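Please read the structure below before turning to the comments.
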Amino acid sequence: MAYRTTNPYTGEVVKEFETATTEQIEAAIAGAHEAFLSWRETPLTERAALLQRAADELRANSHEYASILTLEMGKLIGEAEAEVELSAKILEYYAKFGASHLAPRYLPAEGFGDTDVALVNDPLGVLYAVEPWNFPFYQVVRISAPQLMAGNTIVLKHASNVPQSALAMAEMYKRAGAPEGLLNNVFASHDASETILADPRVRGVALTGSEGAGAAISSTAAKNLKKSTLELGGADAFVVLDDADVAKAAKWAAFGRHWNAGQVCVSSKRLIVDDSVYDEFLEAYRGHVAAFKAGDPFDASTTLAPLSSQQAADDLAAQVEKARADGATVEEIGAPVPEQGAFFRPTLISDIAAGSETAHTEFFGPVTQIYRAHGVEDAIIIANDTPYGLGGSVFSKDIARAQAVARRIDTGMVFINQPTGVKADVPFGGVKNSGFGHELIDLGILEFVNQKVVVVSDIDGSF
Ligand code: NAP
């Protein structure tokens with residue numbers, strides 16, 4: 001797969017990059033390994049200072065960085081600026097709290113003193129990060145901020161349609177004063193992942209992307225006895241109970257399904273609405289969706305972005321046609337979208353049969369599935385009828401009731417009275433086909449450290 005920037009709004013191929021040679025891959029691993037040998041000895045205070053400078057760098061040049069995102073994958077400029085700020089917040093989070101997450105833990109083991117049995121957190125080495133295009137900075141920072149803080153170094157393989165974002169991430173750390181090799185970008189082919197994961201200097205891999213990519217990378221990792229974490233697709237349930245604030249729920253649903261043009265793993269992809277409020281909800285939802293304005297993502301008044309590529313729009317159209325052929329009802333909402341650009345007209349799919357292929361499909365764009373639920377038990381059954389287990393939402397004025405429903409939804413995250421959120425200080429991760437492992441807070445930083453046991457003993461050697 002060639003690495004190239006194609007502006008999804010104009011269709012123009014802006015810049016192309018050569019795929020990395022075998023020698024370049026070797027140099028990237030060797031450089032990251034060399035950097036690891038000294039970075040692991042670098043005091044935590046210095047590692048934290050680097051992350052803080054990276055956060056400052058992003059904030060100081062927010063528009064410059066955001067423009068790269070909008071150019072390469074069509075994200076609305078306001079959303080791109082928000083992504084830059086979120087990335088800065090994650091860097092800052094680990095600058096502030098990373099050291100305490102890495103502090104030794106003392107175990108109350110029988111026969112030993114209070115501080116004799118310690119779990120210390122040592123870095124592993126070079127990590128391979130394979131990242132997607134939908135949040136080109138946030139995804140890279142979500143793995144690199146904690147792992148650089150932990151003392152690891154990174155070889156980055158970004159998605160082939162966001163090469164300039166990949167270079168910008170390497171440049172950000174360089175401008176912040178990172179030593180050579182701390183984060184090495186490679187424009188690697190898929191096949192190169194085999195070489196990278198077979199290399200003994202590479203100690204693990206974190207992938208965010210589709211199920212197919214996750215299965216390919218994690219099996220290569222397993223073959224080489226390397227740890228992997230996978231952040232994969234999702235089809236979040238957005239459950240509206242009979243006692244919900246319907247107006248608020250409809251507004252949040254429209255936002256939750258359409259931000260980032262619907263290309264979010266935790267988009268509110270499946271609206272599950274109680275029969276008693278279904279019609280009221282749907283009317284309000286249609287109204288909000290119809291009000292979106294598709295256009296130039298650099299124009300601040302645009303509220304619906306193009307998809308990341310024409311291919312993505314074509315693939316989504318084929319999925320919708322398949323749903324129609326399978327018997328679902330398909331309705332387009334709002335005005336036709338512009339001819340120019342990889343736009344997709346917001347679409348609503350209803351009358352979806354339980355357990356059907358449509359019900360189990362992730363639509364990665366502004367396509368909403370809606371289900372009518374007959375009571376709370378039915379809503380939970382529909383919510384869990386999916387191969388995915390990433391996020392989800394429950395809307396109810398009765399918080400205790402919503403919390404009880406949340407506990408029965410089989411996902412890694414559930415938000416009450418808002419769509420699944422993306423924050424610097426709340427962990428991220430899924431179950432089922434949405435992957436395994438966590439990113440962010442202490443859970444994320446501890447994924448790729450050696451939690452080493454160090455025991456001090458004064459027991460004499462006699463039996
Ligand atoms: P994708 O095609 O799987 O790509 C993700 C990354 O994996 C890219 O860097 C891609 O490289 C690489 N890749 C794909 N197949 C590979 C293989 N066989 N060997 C090595 N690398 C491979 O996913 P996408 O379409 O860009 O992203 C959308 C998916 O990601 C959706 O399912 C979405 O829900 C999921 N996602 C999940 C999260 C989360 O945190 N759970 C967050 C964002 C997105 P190339 O570009 O070179 O193919």
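In this chain, residues are counted from 1 in sequence order. Whatever order the structure lists them in is the order used to number ligands and atoms, beginning at 1. Because the structure is predicted, anything quoted here is derived from the model rather than measured.
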key: Side-chain heavy-atom pair Thr208, Phe135 within 4.5 angstrom cut-off   = no

inquiry  = Could you tell me, atom by atom, which parts of ligand 1 come under 4.0 Å of a heavy atom of Glu362?
reply    = 31 (C), 32 (O), 33 (C), 34 (O)

query = Hey, are Lys15 and Glu72 close enough for a salt bridge, meaning a charged N less than 4.0 Å from a carboxylate O?
reply = no

message = Ring-plane angle category for Trp133 and Phe364, please: parallel below 30°, perpendicular beyond 60°, tilted otherwise.
response = perpendicular

query = Do Phe255 and Trp252 pass the ring pair (Phe, Tyr, Trp, His ring centres under 6.0 Å) test, and can you show the C-alpha distance, the side-chain angles, and the key distance before you say yes or no?
reply = CA-CA 5 Å; Phe255 169 80; Trp252 265 127; 5.8 Å; yes

task = Test Arg257 against Ser267 for side-chain hydrogen bond (donor to acceptor under 3.5 Å, both in side chains), laying out the working first.
result = CA-CA 5 Å; Arg257 187 64 196 99; Ser267 281; 3.2 Å; yes

task = Could you walk me through whether Ser62 and Glu81 pass side-chain hydrogen bond (donor to acceptor under 3.5 Å, both in side chains), step by step?
result = CA-CA 6 Å; Ser62 174; Glu81 282 167 349; 5.0 Å; no

Atoms of ligand 1, numbered as shown, that sit under 4.0 Å from any heavy atom of Ser160 = 45 (P), 46 (O), 47 (O)

ask   = Counting from 1, what ligand 1 atoms have a heavy atom of Phe364 closer than 4.0 Å?
value = 28 (C), 31 (C), 33 (C), 34 (O)

request  = Within a distance under 4.0 Å of any heavy atom of Ser193, pick out the atoms of ligand 1 and give their elements.
outcome  = 20 (C)

task = Indicate, as side chain, backbone, both or neither, the part of Phe428 found under 4.0 angstrom from ligand 1 when only non-hydrogen atoms are considered.
result = side chain

request  = May I ask you to check whether His190 has an N/O atom sitting below 3.5 Å from an N/O atom of ligand 1?
outcome  = yes

ask   = Is it the case that more than 12 heavy atoms not belonging to Glu64 sit under 6.0 Å from its CD atom?
value = yes

query = Taking heavy atoms and a distance under 4.0 Å, where does Val264 meet ligand 1: side chain, backbone, both or neither?
reply = neither

Residue pair Val14 / Gln164: nearest heavy atoms and the distance that separates them = CG1-NE2, 4.3 Å

ask   = Quick one: does Arg142 get an N or O within less than 3.5 Å of an N or O on ligand 1?
value = yes

request  = Provide the number and element of each atom of ligand 1 under 4.0 Å from a heavy atom of Leu390.
outcome  = 41 (N)

query = Would one find more than 12 heavy atoms of other residues, nucleotides or ligands at under 6.0 Å from atom NZ of Lys89?
reply = no

message = Tell me whether ligand 1 is touched by Gln263 - counting only heavy atoms on the residue side and a distance under 4.0 Å.
response = no

request  = Would you verify whether the NZ or CZ of Lys248 falls within 45 degrees of the ring axis of Phe395 while also being under 6.0 Å from that six-membered ring's centre?
outcome  = no

inquiry  = Does ligand 1 come near enough to Ala213 that some N or O of the ligand is less than 3.5 Å from an N or O of the residue?
reply    = no

ask   = Please walk me through it: do Thr420 and Asp236 pass side-chain hydrogen bond (donor to acceptor under 3.5 Å, both in side chains)?
value = CA-CA 8 Å; Thr420 312; Asp236 284 16; 2.6 Å; yes

query = Can you list the atoms of ligand 1 that are under 4.0 Å from a heavy atom of Ala216?
reply = 18 (N)

remark   = Asn134 heavy atoms within 4.0 Å reach ligand 1 at atoms 43 (C), 44 (C)

ask   = Between Glu131 and ligand 1, does any nitrogen or oxygen pair lie at a separation below 3.5 Å?
value = yes

message = Between ligand 1 and Gln139, is the shortest N or O to N or O distance under 3.5 Å?
response = no

query = Using a heavy-atom cut-off of under 4.0 Å, does the side chain or the backbone of Val130 touch ligand 1, or both, or neither?
reply = side chain

query = Between Leu232 and ligand 1, which residue portion shows a heavy-atom distance shorter than 4.0 Å: side chain, backbone, both, or neither?
reply = backbone

query = Just distances here: any N/O of Asn161 and N/O of ligand 1 closer than 3.5 Å?
reply = no

Arg142 to Phe428, cation-pi by 6.0 Å centre distance and 45° axis angle = yes

task = Please indicate whether any nitrogen or oxygen in Ser210 is less than 3.5 Å from any nitrogen or oxygen in ligand 1.
result = yes

task = List every atom of ligand 1 that sits less than 4.0 Å from any heavy atom of His158, numbering the atoms from 1 in the order shown and giving each element.
result = 9 (O)

